[in-house]
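What follows is a single structure, written as structure tokens, with notes after it.
Treat the numbers as computed from the prediction; the structure is a model and nothing was measured.
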Amino acid sequence: MIFKYDTKEKLVVFRLEEPAFNANLAEDFITAIHNLKDLDGRSLVLDMADVQSIDHPGIEAILAVYQEIYAKNLSCCLANLNSALTAQVNDAAGDQFINIVPTVSEAMDIVMMEEIERELGLDIDEGM
């Protein structure tokens with residue numbers, strides 16, 4: 001699996017550089033996220049700009065990571081998904097709300113806004 005990541009003060013931007021996110025990559029993706037030491041205590045932005053297709057195991061891997069991040073009282077956001085993939089992820093998520101935005105910059109803004117809401121003790125939709 002080919003990916004890059006960029007560590008910021010309160011978040012990590014993880015960019016998957018594969019055209020197809022399929023069952024063969026799903027387990028590697030989860031392992032890479034779990035082994036990413038820079039992610040400890042930071043929220044996650046998943047940059048999916050290079051991904052052109054996702055199968056069901058790929059979507060399940062994304063949703064599993066998304067839920068794990070929120071379970072740690074952090075935030076997660078997907079960026080740069082094309083419209084077809086956005087629909088696929090939303091369909092698979094069912095009634096679970098998923099932060100999906102057009103750009104990494106917007107994803108970073110969402111993550112930072114949720115951080116501020118936590119600091120102020122406001123009730124936020126915790127990705128579920």
Requested in this report: Could you pull out the closest heavy-atom pair between S53 and L85, with the gap in Å?
Outcome: CA-CD2, 3.9 Å
**Report entry** Y70 reachable from M108 in the ILVMFWY side-chain graph, under 4.5 Å edges
**Finding:** no
Query raised in the report: From K4 NZ over to D47 CG, what is the distance, rounded to the nearest 0.5 angstrom?
Result: 11.0 Å
Query raised in the report: Do L36 and M1 share a hydrophobic cluster, counting only Ile, Leu, Val, Met, Phe, Trp and Tyr and linking them when any side-chain heavy atoms are less than 4.5 Å apart?
Result: yes
**Report entry** Given I33, D38, V13, the one that forms side chain to side chain contact (heavy atoms under 4.5 Å, CB included) with Y5
**Finding:** D38
Query raised in the report: Is there a side-chain contact between L74 and L44 (heavy atoms, below 4.5 Å)?
Result: no
Report summary line: For K37, the salt bridge (Lys or Arg N to Asp or Glu O under 4.0 Å) test, sequence neighbours excluded, returns none
**Report entry** For C76 against L46, the heavy-atom pair lying closest together
**Finding:** SG-CD1, 4.3 Å
Query raised in the report: Who are the salt bridge (Lys or Arg N to Asp or Glu O under 4.0 Å) partners of D6, not counting sequence neighbours?
Result: K8
Query raised in the report: So, does Y66 use its side chain to make a donor-acceptor pair with the main chain of N99 at under 3.5 Å?
Result: yes
**Report entry** I30 with V89, same ILVMFWY side-chain cluster at under 4.5 Å
**Finding:** yes
**Report entry** Inter-residue atom distance M48.CE - I100.CD1, 0.5 Å rounding
**Finding:** 9.5 Å
**Report entry** Gap separating the CG atom of N73 from the CZ atom of R118, nearest 0.5 angstrom
**Finding:** 5.0 Å
**Report entry** Nearest-0.5 Å distance that lies between atom OG in S43 and atom CE in M112
**Finding:** 8.0 Å
Query - Residues which pass ring-ring contact (aromatic ring centres under 6.0 Å, His included) with F29, listed by chain and number, not counting sequence neighbours - result: F14, F21
Query raised in the report: So L78 and I98, side chain to side chain contact (heavy atoms under 4.5 Å, CB included) or not? Walk me through it.
Result: CA-CA 8 Å; L78 280 72; I98 304 290; 4.1 Å; yes
Query raised in the report: More than 12 heavy atoms of other residues, nucleotides or ligands under 6.0 Å from CD of E17: is that the case?
Result: yes
Report summary line: For I2 and E18 the tightest heavy-atom approach is N-OE2, 2.8 Å
Report summary line: In this structure, CD of Q67 is separated from CD1 of I69 (nearest 0.5 Å) by 11.5 Å
Query raised in the report: Which atoms form the tightest heavy-atom contact between A26 and P57, and what is the distance?
Result: CB-O, 3.5 Å
Query raised in the report: Where do L16 and D50 come nearest, in terms of heavy atoms and distance?
Result: O-CB, 3.7 Å
Report task. Verify whether one side chain among D55 and N22 offers a donor that lies under 3.5 Å from an acceptor in the other. Result -> no
**Report entry** Side-chain heavy-atom pair I110, E114 within 4.5 angstrom cut-off
**Finding:** yes
Requested in this report: Identify whether F3 and V45 are in the same connected component of the hydrophobic contact network (ILVMFWY, side-chain heavy atoms under 4.5 Å).
Outcome: no
Query - Smallest separation among heavy atoms of V101 and C77, with atom names - result: CG2-SG, 3.8 Å
Query raised in the report: Rounded to the nearest 0.5 Å, how far does CD1 of I54 lie from OG1 of T86?
Result: 8.5 Å
